[in-house]
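Just below is one structure, and these are the notes that go with it.
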Amino acid sequence: MTGARLLLIAASDDYLLEEARSESVSRMAAELGGCPVETLAPDITPESAAIELLSPSLFDPQRVLVVEDARAWVKTSAPGGAVGKLQPANASPLVETLRNGLPDGVGLVLGVWCGSRPTGPLVDAVHELGEMQWIPLPPAPKPWEDVALSAEQVDVLKRVLYRAAPEVEMLPAAEELLLGRLGFAPRRLVQEVRKLAAACGGDPIDEQLVRQLTFPRERSLEQLQEAVLGRRVGPFIDLMRAASDGVPVAGWRGERLESTALQFAAVGQGVSLARQMLYLLELGRELGLGSELDSERVHTRWWYSKQFKNDLAPRLLKAIAADPAAPWSGRKPPSVWKLGQLIEGAVRYRPDELARTLADAGGIEVRLRGPLAGEAVSAWMTALLAP
């Protein structure tokens, strides 16, 4: 906010709305000399709000009025996935008052919890006379870790992050890793940032601390991913056994996965990684990189820093971006680091092994709904992972 005394904040998430509204109200009150804040009744009408604006206070000539949720005064859809458009109340009394000018020293903050960007006469007046903030949610990503956060959503999450722990510095690499692991999950982000702030001892939060404390690899879907990329059957068997014994297994968002949910996740993860690795092997062959992607060369100590990062990765990413059939089409492409991990995993397999895994996936997905789903998934993944 840049000094405006009329502000409408609309969000598809009630938590983000509350955070943004609270921050804006505090800032507006400070800009008006630390004046008091008055939250109007939840059932107030536009006409009554207009009267409140024009009714001076004998004791507090400067004040900020807040309507926590004015969704009934605008055109929008219902929040929380509910179906249908909301029919707005007649906001003309308030619109007319606003167009005549807010009284000196008085500010108005309107919150709107809704499912789509609001429109209507009141919104038009705010655009003309004040400021509007729209905070949308991204569509539900599948899989979650591949969510492509927009620049606007990243800005929203960064504000949440630094409000949660303003006294602690977070290094850029740690910030990127944390947002990448969580996706668009503001409540979870607050929890994780406060945990990291408590553990860092006043030092900057670095990437290592995020990896250590946020969704540890042990007994999580990250462990499954590492089992596939490392072609190690042991960690996969341990993960499946843990879930069947009731030991918590964490999903990508930190949620607990029961045994059945893990079986579906394992198939989805196996198919996704096999498809990506097979694609990269074929792409490397088409680009004439066969010798550059030799297994012995790839797994040398300096391959990533000396050969891959600045030479091979840009060529591969350029080809991926130009190919509408790439596994990442419509989603964010892999980072250079993730692409390197995929290459290191891919060269552990032959193309026919990956192709066979994908060909057998359809039958496994059918058997997931049968009585021996766990055994079917274990046999399918073991056939892929076994050297």
Side-chain angles (χ1 to χ4, degrees), residues 136-154 157 172-173 175-185 207 215 217 220-231 251-253 264-290 292-293 298 303-304 307-351 353-359 361-362 365 381 384:
L137 288 176
K142 295 181 181 181
W144 181 265
E145 73 273 16
D146 287 331
V147 60
L149 295 174
S150 68
E152 182 182 38
Q153 291 157 356
V154 169
L157 292 174
E175 180 183 283
E176 181 180 357
L177 176 61
L178 184 61
L179 296 184
R181 285 203 172 189
L182 296 178
F184 199 90
E207 191 174 1
F215 310 155
R217 290 191 298 272
S220 71
L221 287 186
E222 188 167 342
Q223 180 185 356
L224 175 60
Q225 177 177 274
E226 291 183 350
V228 175
L229 295 179
R231 198 165 189 177
W252 290 110
R253 289 172 285 176
F264 277 89
V267 173
Q269 183 80 341
V271 168
S272 178
L273 289 172
R275 180 171 175 242
Q276 292 172 16
M277 290 189 295
L278 179 59
Y279 175 86
L280 290 173
L281 290 177
E282 295 297 328
L283 180 62
R285 181 183 58 79
E286 292 177 6
L287 296 177
L289 303 178
E292 304 295 332
L293 299 182
V298 167
W303 173 80
Y304 178 85
Q307 187 173 6
F308 179 77
K309 184 176 180 180
N310 297 318
D311 181 18
L312 301 182
R315 295 159 65 184
L316 290 166
L317 288 172
K318 182 179 179 180
I320 289 170
D323 184 4
W328 303 273
S329 179
R331 297 182 290 159
K332 66 177 182 180
S335 65
V336 172
W337 173 252
K338 181 62 178 291
L339 186 62
Q341 290 182 309
L342 287 168
I343 293 291
E344 290 179 15
V347 299
R348 292 187 169 96
Y349 299 89
R350 298 192 313 271
E353 292 175 319
L354 297 171
R356 183 177 65 248
T357 294
L358 294 173
E365 290 177 352
M381 285 291 290
L384 171 66

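Taken to the nearest 0.5 Å, the CG atom of Leu229 stands 9.5 Å off from the CG atom of Leu224. Here the CG atom belonging to Leu273 is positioned 8.5 Å from the OH atom belonging to Tyr349, to the nearest 0.5 angstrom. A distance of 8.0 Å separates CZ of Phe308 from CG of Leu293, quoted to the nearest 0.5 Å. Atom CG in Leu179 sits 5.5 Å away from atom CG in Leu157 (nearest 0.5 Å). If you take CD on Gln341 and OG on Ser335, they are separated by 7.5 Å, rounding to the nearest 0.5 Å.
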Test log, rule side chain to side chain contact (heavy atoms under 4.5 Å, CB included), inputs Asp323 and Tyr279: CA-CA 11 Å; Asp323 184 4; Tyr279 175 86; 2.7 Å; yes
Intermediate values then yes/no, salt bridge (Lys or Arg N to Asp or Glu O under 4.0 Å), Glu292 and Arg315: CA-CA 12 Å; Glu292 304 295 332; Arg315 295 159 65 184; over 6 Å; no
Verdict with supporting geometry, Arg350 and Leu281, side chain to side chain contact (heavy atoms under 4.5 Å, CB included): CA-CA 9 Å; Arg350 298 192 313 271; Leu281 290 177; over 6 Å; no
Stepwise side chain to side chain contact (heavy atoms under 4.5 Å, CB included) test for Leu354 and Leu358: CA-CA 6 Å; Leu354 297 171; Leu358 294 173; 5.5 Å; no
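The one candidate from Leu312, Ile343, Val336, Val298 that meets the side chain to side chain contact (heavy atoms under 4.5 Å, CB included) condition with Tyr304 is Val336. Applying the side chain to side chain contact (heavy atoms under 4.5 Å, CB included) test between Pro351 and each of Arg285, Glu282, Met277, Arg356 identifies Glu282 as the sole match. For the salt bridge (charged side-chain N to carboxylate O under 4.0 Å, His left out) with Arg231, the qualifying choice from Glu226, Glu344, Glu353 is Glu353, the only one to do so.
Nearest heavy atom pair, residue Leu283 against residue Ala319, reads CD1-CB, 3.8 Å. Between Gln276 and Pro327, the shortest heavy-atom contact is CG-CB, 3.9 Å. For the pair Leu317 and Pro334, the tightest heavy-atom approach, listed with the atom from each and the gap, is CD2-O, 3.6 Å.
The number of heavy-atom neighbours closer than 6.0 Å to CD of Glu176, taken from other residues, nucleotides and ligands shown, is 12 or below.
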